[in-house]
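I have placed the structure first, in the form of structure tokens, so that the comments after it can refer back to it.
All values below were derived from every heavy atom in this structure, side-chain atoms included, with hydrogens, water molecules and symmetry-related copies excluded.
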Amino acid sequence: ALGVTVVDGGVMQALRARPYAAVVFEWFFVARRLIEDVRSLQPAARVIVDSVDVVFNRLEAKARVTKLERDVSKAVETKTAELAVYNRSDLVIVVTDADGAILHRHNPDIATFTIPNIHPLQEPVPIRDENGKRLIFVGSFVRPGGETNIDAMLYSCGEILPLIVPAVPEVRLRIIGSSPPPEITGLASAHVEVLGFVPEIRPYLETSAISIAPLRFGGGMKGKIGEAMSFGLSVVTTSTGIEGFGLEPNVDALVADTPGEFADAVIRLLRDRDFLERVRMSGHRFISEHYSETAVKERVDNLFAKFDSFPLKRPAVTSALLRKARQTWERHMAWRLR
């Protein structure tokens, strides 16, 4: 009904089915496997990679926190592979201008276009007394990528929450996210409820007072923060958490980078309902103005208006011939030998 056609038979069948104006990949590692096939089978199509976040930037930030050699090596390896894909693409979609700047520092010729996360605006609900001491954290624990949220919750429950409980004994933290590993499920206590995957997040956001995001590393725009603000929750996060948003710290959301500062911010919101209301309404207005469906639609329209201005890259002749030969072999001969 929306004009979407699903092609049976996999990616290669889809590439042979008809000509396309563009082929869009989500994540660089998907494009890495198929970009040369696209160049060969769809020479007139622009190759667009949706970065989701700049993965090597997230891994570099993790390595700075852990200082582990394996994390440093993984960041270096990923950086080489990721930049190689972006260098061969016609356009990279980034979710923040900051991500675009990171790529341009490594290669000014990488074409980028910023389309941020879209957060459908919700009507804020009043915070009832029985929910006034509830904190919520939302984030997937699936690896790769889930390490950011695992670290955030270990940090929160190990260093931040113990500073909050003596000041606000009624405080309760709900941790929501798919595939929590044993180190996360083991955090359950009188003050912490580990819910894991939930089929619908709305009831939990609407019955919480504060969304916490104590992220010490990460990349791109943090969806958990924008989603909470779109529901009218006040947010306490870190400098890492607000990267790319452009919000005003301590007005649209509270920002704290040490356990003591983070705990103090949460305690102030829990104790001062007027302050909490000001912060949550300011954050809600911010999302409405910058990241609602209406706001982001203008950016998407602008992308299509500029689409033909992005130069179309061509593979080297030798590479194209080798790729064509391999495809011919796979299609007409290799199946006979299997």
Side-chain angles (χ1 to χ4, degrees), residues 51-55 57-58 61-62 95-96 98-99 116-122 124-125 134-157 160-161 172-181 184 187 192-247 249 252-257 262 265-266 269 279-280 282-284 286-288 290-293 296:
S51 64
V52 183
D53 67 10
V54 177
V55 179
N57 182 58
R58 166 161 48 86
K62 178 185 178 183
V95 295
T96 70
D99 279 358
N117 292 341
I118 302 170
H119 295 287
L121 211 61
Q122 313 296 325
V125 301
R134 279 183 172 173
L135 314 180
I136 188 171
F137 175 85
V138 179
S140 171
F141 299 104
V142 176
R143 294 181 175 95
E147 297 89 349
T148 298
N149 295 324
I150 293 171
D151 176 81
M153 285 299 90
L154 295 177
Y155 169 57
S156 176
C157 295
I160 298 172
L161 197 59
R172 298 291 184 271
L173 168 63
R174 294 187 290 195
I175 300 175
I176 295 175
S178 56
S179 302
I184 297 300
L187 296 174
V192 178
E193 185 179 6
V194 181
L195 297 174
F197 170 80
V198 297
E200 173 60 51
I201 192 66
R202 175 186 289 272
Y204 298 94
L205 291 172
E206 291 184 339
T207 55
S208 299
I210 302 169
S211 173
I212 64 167
L215 305 172
R216 298 197 291 179
F217 57 88
M221 183 175 291
K222 316 309 182 293
K224 59 176 66 64
I225 293 174
E227 181 180 50
M229 294 168 71
S230 75
F231 272 83
L233 267 72
S234 53
V235 170
V236 183
T237 186
T238 61
S239 297
T240 296
I242 65 167
E243 286 176 352
F245 267 100
L247 56 76
D252 302 317
L254 301 192
V255 180
D257 290 317
F262 204 102
V266 173
L269 288 168
V279 172
R280 79 185 193 113
S282 180
H284 190 261
F286 177 82
I287 293 297
S288 174
H290 298 281
Y291 300 112
S292 64
E293 291 173 318
V296 178

Measuring from Ile242:CD1 to Asp252:CG, what's the distance to the nearest 0.5 Å?
-> 9.5 Å

Parallel, tilted or perpendicular: rings of Phe245 and Phe286 (30°, 60°) = tilted

Under the side-chain contact (heavy atoms from CB on, under 4.5 Å) test, which residues partner Arg172, sequence neighbours left out?
-> His191

When you measure from the side chain of Ser51 to the backbone N and O of Val54, does any donor-acceptor pair fall under 3.5 Å?
-> no

Side-chain heavy atoms of Ile212 within contact of Val266, under 4.5 Å = yes

Would Val55 and Asn57 satisfy side-chain contact (heavy atoms from CB on, under 4.5 Å), going step by step from the backbone distance to the final call?
-> CA-CA 5 Å; Val55 179; Asn57 182 58; over 6 Å; no

Apply side-chain contact (heavy atoms from CB on, under 4.5 Å) to Val138 and Ile175, showing your working.
-> CA-CA 6 Å; Val138 179; Ile175 300 175; over 6 Å; no

Heavy atoms only: give me the nearest Ser288-Ser292 pair and the separation to one decimal.
-> O-OG, 3.0 Å

Got a list of side-chain donor-acceptor pairs under 3.5 Å for residues 193-205, not counting sequence neighbours?
residue, atom, partner, partner atom, Å
Glu200, OE2, Arg202, N, 3.1
Arg202, NH1, Glu206, OE2, 3.0
Arg202, NH2, Gln122, OE1, 2.6

Below 4.5 Å, heavy atoms only, C-beta onward: do Tyr291 and Met229 meet side chain to side chain?
-> no

Distance col, row Ile176:CD1 vs Ile136:CD1, nearest 0.5 angstrom, shows 4.0 Å

Nearest 0.5 Å please: distance from the OH atom of Tyr155 over to the CG atom of Leu161.
-> 12.5 Å

Interatomic spacing from NZ in Lys224 to OG in Ser140 - rounded to 0.5 Å | 9.0 Å

Minimum side-chain heavy-atom gap His284-Ser230 below 4.5 Å = no

Counting N and O atoms only, with roles assigned by atom type, does the side chain of Asp53 sit under 3.5 Å from a partner on the main chain of Arg58, one being a donor and the other an acceptor?
-> no

Where the side chain of Lys222 meets the backbone of Thr240, is there a donor-acceptor pair that is under 3.5 Å apart?
-> yes

Rounding to 0.5 Å, atoms CD1 (Ile184) and CZ (Phe137) come to a distance of 8.0 Å

Can you list the steps and then say if Met153 with Asn149 is a side-chain contact (heavy atoms from CB on, under 4.5 Å)?
-> CA-CA 6 Å; Met153 285 299 90; Asn149 295 324; 5.8 Å; no

Got Ser234 and Leu254 here, is their nearest side-chain heavy-atom distance under 4.5 Å?
-> no

How about Phe141 and Pro181: do any of their side-chain heavy atoms sit closer than 4.5 Å?
-> yes

Does the side chain of Arg174 come under 3.5 Å of the side chain of Ser208 through a donor N or O and an acceptor N or O?
-> yes

How many angstroms lie between CZ in Phe262 and OG1 in Thr237, if you round to the nearest 0.5 Å?
-> 6.0 Å

List the steps, then state whether side-chain contact (heavy atoms from CB on, under 4.5 Å) holds for Asp151 with Arg216.
-> CA-CA 8 Å; Asp151 176 81; Arg216 298 197 291 179; 2.7 Å; yes

Minimum heavy-atom distance Ala265-Val236, with the two atoms named = CB-CG1, 3.9 Å

